[in-house]
There are 2 protein chains.
Amino acid sequence: MAADTYEAKRAGSGMAAKGRVTIREVAERAGVSVATVSRVLSGNYPVPPATRTRVLRAARALDYVANAHARALVGGGRKMVAVVLRQVTSPFYAQVAEGVEAEAAGRGWLCLVGTTGGDPERELEFVQLMREEGARLVILVGGVVEDDAYRERVTHYAQALDAAGARLVLCGRPAPGPDIPALVVEFDNEAGAHAITGHLLSAGHRRIVFLGGLPGNTALDARVAGYRAALAQHGLPPEAEHVVDCGLGRAAGHRAMAELLRDGAGFTAVFAGDDMVAAGALRAIAEAGLRVPDDISVVGYNDIPLAEDFNPPLTTVRTPAEELGRAAVRIALRDPEHAAGAHHLLGTHIVVRDSVAAPRGH
Amino acid sequence: MAADTYEAKRAGSGMAAKGRVTIREVAERAGVSVATVSRVLSGNYPVPPATRTRVLRAARALDYVANAHARALVGGGRKMVAVVLRQVTSPFYAQVAEGVEAEAAGRGWLCLVGTTGGDPERELEFVQLMREEGARLVILVGGVVEDDAYRERVTHYAQALDAAGARLVLCGRPAPGPDIPALVVEFDNEAGAHAITGHLLSAGHRRIVFLGGLPGNTALDARVAGYRAALAQHGLPPEAEHVVDCGLGRAAGHRAMAELLRDGAGFTAVFAGDDMVAAGALRAIAEAGLRVPDDISVVGYNDIPLAEDFNPPLTTVRTPAEELGRAAVRIALRDPEHAAGAHHLLGTHIVVRDSVAAPRGH
DNA sequence: CTGAAAGCGCTAACAC
DNA sequence: GTGTTAGCGCTTTCAG
């Protein structure tokens, strides 16, 4: 027994290394060399059943698990994908994460979820961390304000990851420039917004406010663009446009809607930037003693799982979030060489429920 | 240059190892030894400003990031905590994960989220994985059916993790036995259920059905026990109890409620096992043309973020999920030695909204 | 068929 | 101050 070695290690690194079983101990117990143990456990080399059994028995008896770090060091590291989101408690992001996780797990990859709270600094730290850990695939999710800082930062991620043989996927955010080794997968926000605005227009609404703009944010800007395009296409004058830049989140939606109601702006419908904003708006409308859709129609965006349980059930745009996550890893892994620089657009569709009616006196 | 080495490596392991910068290259560029580079980067050893700067400059120029695996191997691995949940798309679990993540990130720990879909097999695989990766803290979240298989499995986790100097935290699930090196942190489900049942009782309800039992599941059993205790305490006969074992989830709640309504059981209130079940029940009640709380009162459990947006806003039991996650890591890390075997109970409280009224003709 | 030995990239004694 | 060196636990030639 190399007891002294273990004692020394134990003393040296605190309790962290206390008795983790190594391949050497398994080898000793099985009466073979470490090379043989490695071979049977890796299973990629023919080993006679007899020795094989002895080794397996020893490993089981000692409850041995290989040290992933040592393995990674020598080359055969575990394949790992990292998803970076603003927060997991947002239903939309959670679904994306679930999609990534499911697709990754299905391929035997490990999935790491990191959250940034929307802070670019934390995003950078996390990506750096993933480089250290040797993630083979990094997926950045969610719209961003696209400025020079963003472009520079992401260009750096892309090149660094690429140099290390890893891939970068941008979900719902733009490539920082041409010829950047990053894959982008996103929804056609403009088309979705155009469609749902059209739905409101068809119901007879002419005074529609867009609640939840976030100037500079690519996802919201696209939604606003779709809203504007639909209005214009219906022949409405530019004055008909009314976008409230209150940003996202239930609280923001609630506050902005309450203000709007207080000011008595003359509108008959609201297009919320996403379903959480819609939740806040719905609440504010109820608190003002008004009713949806009788007094005001409301539509959202994303079709989060509980949108059906709002009061009333929300008409919204379905963005298959889980599929977005799955697609991100599937595409990135399918054809790595070709994937770099590619741009995939996922379709969306309207889900009609009970939050839209014809405007009063129509 | 050791170009041949890199060529060989590149050829050997595909593109994965393509050109990752090592500490040696930084050392060469800075004209110092690897030890010096290590020293300045670790920052735990005095190094003259002049060399320090040279090294830092070289590292930056090469965009060097240390290999976390090599670091972990030699002892100073990154501290990592793993949370294992059924799914991230459940608002409750997502909040717990967020709490763990926040508390971990705040201490400079890396947080890994794994999902099992409720499959013990996948849970085991994931824990094994975490052992391989050297996680120092593993947090298992969510109620389980507590059978021999469970006890054996978790006892194994606890002992294996403990032997490797890691800790196991059980959130909302019981310790598999006495003297097991695991910390348990959970809500007082029985008290919460007792309280909310009492709320219904106080409103005048006498025929209350518990929707969402899951026999054997520790969390639900405790809730059922609280419900029964409250009923008994109010002097109601055992026949007043009515628990429907439909399990959790919106779909289950919807289906079970629809059936109940169809069978015309005489009840005036329903206590849903959790808020998702309540969502389904609310929907079924609405589809049956009945109204909450006028015709039937409904209460839930957990107070998920959108419970306020249900129709009507749901009266429920608030279980501070994020705090549960934070507490799990805080307690586990605060006093590691003492934490093993400890049992922490977190309090809950009722949140009154609009889904409860006095029963008809009361 | 199996063992010995050479590292993977890094840190931490231990020299000088 | 800084370089040299010995491993960490594992996989993988290369011999036998």
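So that the names make sense, note that chain A is the first sequence line, chain B the second, and so on, each numbered from 1.
- In this entry the distance linking CG of Asn67(B) with P of dC10(C) reads 6 Å, nearest Å.
- Between Leu73(B) atom CG and dC10(C) atom P the separation is 12 Å, expressed in whole Å.
- Axis angle, first five pairs versus last five pairs of the helix from dC1(C)-dG16(D) to dC16(C)-dG1(D): 40°, rounded to 10°.
- Looking at heavy-atom distances under 4.0 Å, Ala72(A) makes no contact with the nucleic acid at all.
- In this entry the distance linking CZ of Arg24(A) with P of dC10(D) reads 10 Å, nearest Å.
- Atom CG in Asn44(A) sits about 13 Å away from atom C1' in dC10(D), given to the nearest Å.
- Pairs passing the ring pair (Phe, Tyr, Trp, His ring centres under 6.0 Å) check and including a residue from residues 26-60 of chain A, sequence neighbours excluded, do not occur.
- For residues 44-70 of chain B, every residue pair satisfying the salt bridge (Lys or Arg N to Asp or Glu O under 4.0 Å) rule, not counting sequence neighbours, is listed here: Arg131(A)-Asp63(B).
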Pick out the pairs of N or O atoms, protein on one side and nucleotides 1-4 of chain C on the other, that lie under 3.5 Å.
residue	atom	partner	partner atom	Å
dT2(C)	OP2	Thr51(A)	OG1	3.1
dG3(C)	OP2	Ser33(A)	N	2.9
dG3(C)	OP2	Ser33(A)	OG	3.0
dG3(C)	OP2	Thr36(A)	OG1	2.8
dG3(C)	N7	Arg39(A)	NH2	2.7
dG3(C)	O6	Arg39(A)	NH1	3.1
dG3(C)	O6	Arg39(A)	NH2	3.3

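- Listed by chain and number, the residues in a side-chain hydrogen bond (donor to acceptor under 3.5 Å, both in side chains) with Asp179(A) amount to none (sequence neighbours excluded).
- Distance check: Leu168(B) CG to Gln159(B) CD gives 11.0 Å after rounding to the nearest 0.5 Å.
- Nearest to the side chain of Thr22(A), among dC10(C), dT11(D), dG9(D), sits dG9(D).
- Straight-line distance from the CD atom of Glu28(B) to the P atom of dT4(D): 12 Å, rounded to whole Å.
- Partners of Ser33(A) according to the side-chain hydrogen bond (donor to acceptor under 3.5 Å, both in side chains) rule, which considers only residues two or more places apart in sequence or in another chain, are Thr36(A).
- Glu133(B) has its CD atom 14 Å from the C1' atom of dC10(D), to the nearest Å.
- Atom-to-atom, CD1 of Ile23(A) to C1' of dG7(C) comes out at 15 Å; the value is rounded to the nearest Å.
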Check residues 102-118 of chain A and write down every donor-acceptor pair under 3.5 Å in which the side-chain atom is one partner and the other belongs to a residue at least two apart or another chain.
residue	atom	partner	partner atom	Å
Glu103(A)	OE1	Arg326(A)	NE	3.0
Glu103(A)	OE2	Arg107(A)	NE	3.4
Glu103(A)	OE2	Arg107(A)	NH2	3.0
Thr115(A)	OG1	Glu101(B)	OE1	2.8
Thr115(A)	OG1	Glu101(B)	OE2	3.4
Thr116(A)	OG1	Leu85(A)	O	3.4
Thr116(A)	OG1	Gly118(A)	N	3.0

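- Sequence neighbours left out, the pairs with a member in residues 64-78 of chain A that pass salt bridge (Lys or Arg N to Asp or Glu O under 4.0 Å) are Arg78(A)-Glu132(B), Arg78(A)-Glu133(B).
- A 6.0 Å sphere centred on CD of Glu152(A) holds no more than 12 heavy atoms belonging to other residues, nucleotides or ligands.
- Among residue pairs with one or both ends in residues 56-87 of chain A, those qualifying as ring pair (Phe, Tyr, Trp, His ring centres under 6.0 Å) are His69(A)-His69(B); sequence neighbours excluded.
- Residue Arg20(B) places no side-chain N or O under 4.0 Å from the OP1 or OP2 atom of dG9(C).
- Separating the NE2 atom of His69(A) from the C1' atom of dT11(C) is a distance of 15 Å, rounded to the nearest angstrom.
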